[in-house]
Every structure is written in structure tokens, then in C-alpha cells.
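Everything on this sheet refers to the single structure shown next.
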Amino acid sequence: MSADPKPGDWTRVLCPPGVGARLYAFAADIYPICRSITGPGVRETLARVERLVPLSRTETPTGAAVLDWVVPNEWSIRDAYIKNAAGERVVDFKAHNLHVLNYSAPVDARMPLAALKPHIFTLPDQPDLIPYRTSYYQERWGFCMSHRAFEALGDGEYEVKIDSTLAPGALTYGEYVHRGASEEEVLLQAHVCHPSLANDNCSGIALLAHLAAAMAQLNTRYTYRFLFAPGTIGAITWLANNRETAKRIRHGLVLSCVGDAGGPTYKRTLRGDAPIDRVMAHVLKHAAPAAKLIDYFPYGYDERQYNSPGFRLDVGLFQRSQFATFPEYHTSGDNLDFIAPEHLEASLGIVARAIQVLELGDRRFVNTAPYGEPQLGKRGLYAAIGGDKDGYAKNMAMLWILNLSDGGHSLLDIAERADIPLSVIAETADTLRQSGLLAAA
Ligand code: ZN
């Protein structure tokens with residue numbers, strides 16, 4: 001059941017208190033799945049999202065030309081191990097899916113350690129962690145393991161097996177579209193291609209899935225498109241399949257690494273002064289004053305595709321710790337202990353506030369008693385909010401709104417000038433409108 005939301009409904013509905021525990025449970029549920037850019041891991045992940053929200057899935061066949069790329073083979077994996085001479089699994093995909101080079105070609109051989117070594121990836125500086133390595137566009141086979149375990153490998157012959165398939169199939173992405181009053185769209189994307197990495201993948205999928213499900217309860221002005229797609233090739237395939245739809249995208253956010261204790265971090269769009277950049281700066285100033293705002297650079301997540309010269313869509317990147325800056329990044333250290341319910345909830349709260357500002361920030365009103373200051377006491381307006389712990393801010397919000405509501409200033413203009421969160425400005429404007437002191441401009 002959807003209804004026209006009151007200003008306070010945006011955050012109350014989209015980020016209800018305690019939702020962090022549900023976000024965490026969802027991330028934990030999808031964490032064990034061995035995802036890649038194609039194959040059953042992506043489909044299984046989308047199936048878990050579909051428990052919350054119906055997705056429209058698109059399968060684009062191997063070999064399809066997509067922008068400057070070609071959809072690659074589909075990868076599936078059943079098992080992978082290295083066995084020592086005693087027949088013990090010294091590396092076991094079933095113990096951790098990071099142990100196999102993601103997208104690895106199959107192998108079934110016996111070889112001495114010297115021949116095996118060039119196929120093993122480790123992190124000598126972080127000797128207890130398994131690295132996350134991929135080889136999508138160059139066919140090779142390999143394993144990843146902790147440097148400590150690698151150094152313990154004795155000489156002798158090893159049995160090496162990767163039971164994988166690289167064969168023609170399809171690339172899968174899923175999307176949920178929440179229709180608003182306008183065809184203009186807000187794009188929200190999470191990548192779905194990393195295996196067992198909690199922050200750099202599971203957190204973003206969990207946030208986006210819950211947001212999409214909650215959105216169904218609200219009537220919106222914009223249409224919201226929630227895209228769950230493999231990184232790079234998935235976003236490229238979506239853009240290739242949706243050139244006309246892409247023209248309707250007005251604002252967007254890529255979400256990844258939203259569950260750890262760091263940040264938050266917002267990476268601006270290429271142009272740097274897009275409405276979404278202003279919205280995120282406003283929200284973070286009040287909700288997370290320590291947040292880091294950084295300028296665009298052409299490396300990172302799929303903001304690269306959306307901001308490319310052929311599309312130039314205003315899509316920023318929202319994270320907690322910035323990618324590639326934390327030691328757990330792309331290692332087995334990015335596990336379920338690295339993310340926490342409260343950080344997931346805080347991230348969702350920030351995105352919910354951003355949506356609130358996108359929906360309400362452009363509203364303009366006129367003061368219906370513009371000559372001098374209207375007498376608020378006789379209308380019960382001071383009393384209406386006097387006992388509130390935010391009473392001072394709300395009184396100031398009221399005075400600013402009345403002062404600036406000449407039809408020329410939006411609610412976001414007023415919020416910025418008053419240095420008061422848009423959420424307070426929007427709720428106060430609602431009260432003033434009910435009193436008759438404000439009318440739509
Ligand atoms: Zn990554």
C-alpha cells in the first residue's frame with residue numbers, strides 16, 4: 001500500500017530503527033556464494049534479493065557486442081583443491097572460495113611445487129590473509145592462499161584440480177523499477193560479482209535490496225531504478241541494452257563498501273557540481289560531519305561507465321571506507337567481522353536522507369503574509385513546537401522558511417542558508433503550509 005508520504009516518512013519508512021540487524025543477516029546469507037561476473041553465483045544472489053523484491057532479469061548471451069566490449073563466457077565452478085602427496089587438501093575451495101583465482105580455467109594435473117608456484121597468489125605483507133584475484137579477460141588457472149600456508153608447502157608432487165567450466169552462456173543482471181510520478185529516473189546500483197567479500201559487495205547488495213523493498217511503500221516523484229549488475233561488464237551491458245532509458249537518468253549513486261566502520265566517503269560526479277553532489281554534501285554535513293568528500297577520478301566502481309563522455313550521467317559513489325584504502329580490501333580480511341549492523345544502518349540512513357532531499361529539496365513556497373513578520377503566537381505555531389528538544393532549530397527553521405519563501409528559494413536553498421537539515425526544514429514547511437502561512441509557489 002503506498003501513500004503520499006509526509007516529510008518524516010522518507011527516513012522512517014526507508015530506514016526504520018533496527019533495520020541494521022536485517023541488513024547484516026542478509027549480507028551474511030549471501031556471503032558464502034561464489035560469485036563472478038557471470039554464472040550461477042550471480043543468479044543465486046539475485047534469487048536471494050528476489051525474496052525481498054521482485055527483479056526483472058536480463059540474460060545477455062556470450063559473444064554479444066556491448067559498447068566497446070564483448071560478453072564473455074559463463075563461468076561455473078564446482079570444486080578446486082591442491083592435494084599433497086599424502087592426499088590431504090592443502091588448499092581447498094570448499095573451505096574458502098577466495099582460494100580459487102576467480103574465473104579460473106579448469107586444470108587437472110600432477111606437478112612438482114616448482115611448476116605449481118607460478119599459479120599461486122599470496123600477500124607476503126599480510127601473510128595470514130587470502131588475496132582476492134581475478135583473471136576475466138586472459139584465460140589462466142590459479143589459486144590464492146595465505147603466504148604463511150604457502151611457505152609451509154613442502155617439495156614433492158601435488159595433485160592440482162580446478163573443476164570449473166568456461167563456456168558460452170549469458171551475463172545476468174537484475175533490476176527493480178519503482179515508478180514515480182515522473183519518468184525522470186534516479187539510478188542506484190550495486191555490483192554483484194565478488195565472491196566471499198563482506199564489505200566490498202555483500203553490504204551494498206543488502207542495502208540496495210532493503211531500500212528497494214521499502215520504496216514500494218512510498219509514492220515518489222522520481223522513478224527509481226535499482227540495478228544489481230556485475231562490475232564493469234555488467235554496467236556496460238546494461239548501458240548497451242538501455243541507451244534510451246539511460247537518457248532519463250537525472251541522478252545516481254553507486255553503493256559499495258557500506259558496512260565497515262570507516263568513512264563515510266562520497267566521490268563526486270565528474271562535473272562535481274551536479275544536484276546529487278549538492279544533495280550528498282548537504283546530507284553528510286549534518287548526518288556524518290567527519291565524512292570525506294572527494295573529487296571524481298576515472299578509477300573505482302561503475303560511476304566510471306555512467307560518467308563516460310558518451311553518457312555523462314550524474315552518478316556519484318557512496319562508501320564508508322574508500323575502496324583500496326583499507327588493509328582488508330580484496331582479502332579474506334573483508335569478512336563478516338569487518339562489517340556491522342550499526343554501520344549498515346547508518347549507511348542506509350544517509351541514502352534515505354539523500355532520497356528525501358532529492359524528492360523534497362526542489363519544492364518552492366510563497367509566504368502568504370509577506371509584509372513584516374507574521375504573528376506566529378496567535379496561530380499557535382511557537383506553542384506547537386515549543387516543548388520539542390529540537391525546538392530552537394525548529395523555530396529558526398520556521399523563521400528562515402518564512403523569510404526566504406518568495407518563490408525564488410527552494411527548500412534546499414533554505415536548508416543550506418539556515419544550516420539546518422532539509423528534514424527539519426521540510427517538516428516545518430509542512431506545518432506552516434497547514435497553518436496557511438505558506439502556499440505552493
Ligand atoms: Zn572490489
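No hydrogens, no waters, no symmetry mates; every other heavy atom, side chains included, goes into these values. Both counts, for ligands and for their atoms, begin at 1 and track the order of listing.
Geometric assessment of K94 against the ring of Y81 yields a negative cation-pi assignment under the 6.0 Å and 45° thresholds.
Look at H191 and the Zn ion (ligand 1): no N/O/S atom of the residue is under 2.8 Å from the metal.
When rounded to 10 degrees, the angle formed at the Zn ion (ligand 1) by NE2 (H330) and NE2 (H194) equals 110°.
Contact between L98 and P195 at its shortest, heavy atoms only, is CD2-CG, 3.8 Å.
A salt bridge between D79 and K161 is absent, with no side-chain N of the basic residue lying under 4.0 Å from a carboxylate O of the acidic one.
Among the heteroatoms counted here (N, O or S) of D200, OD2 is the one nearest to the Zn ion (ligand 1).
With no hydrogens or angles considered, no side-chain donor-acceptor pair links N102 and H194 at under 3.5 Å.
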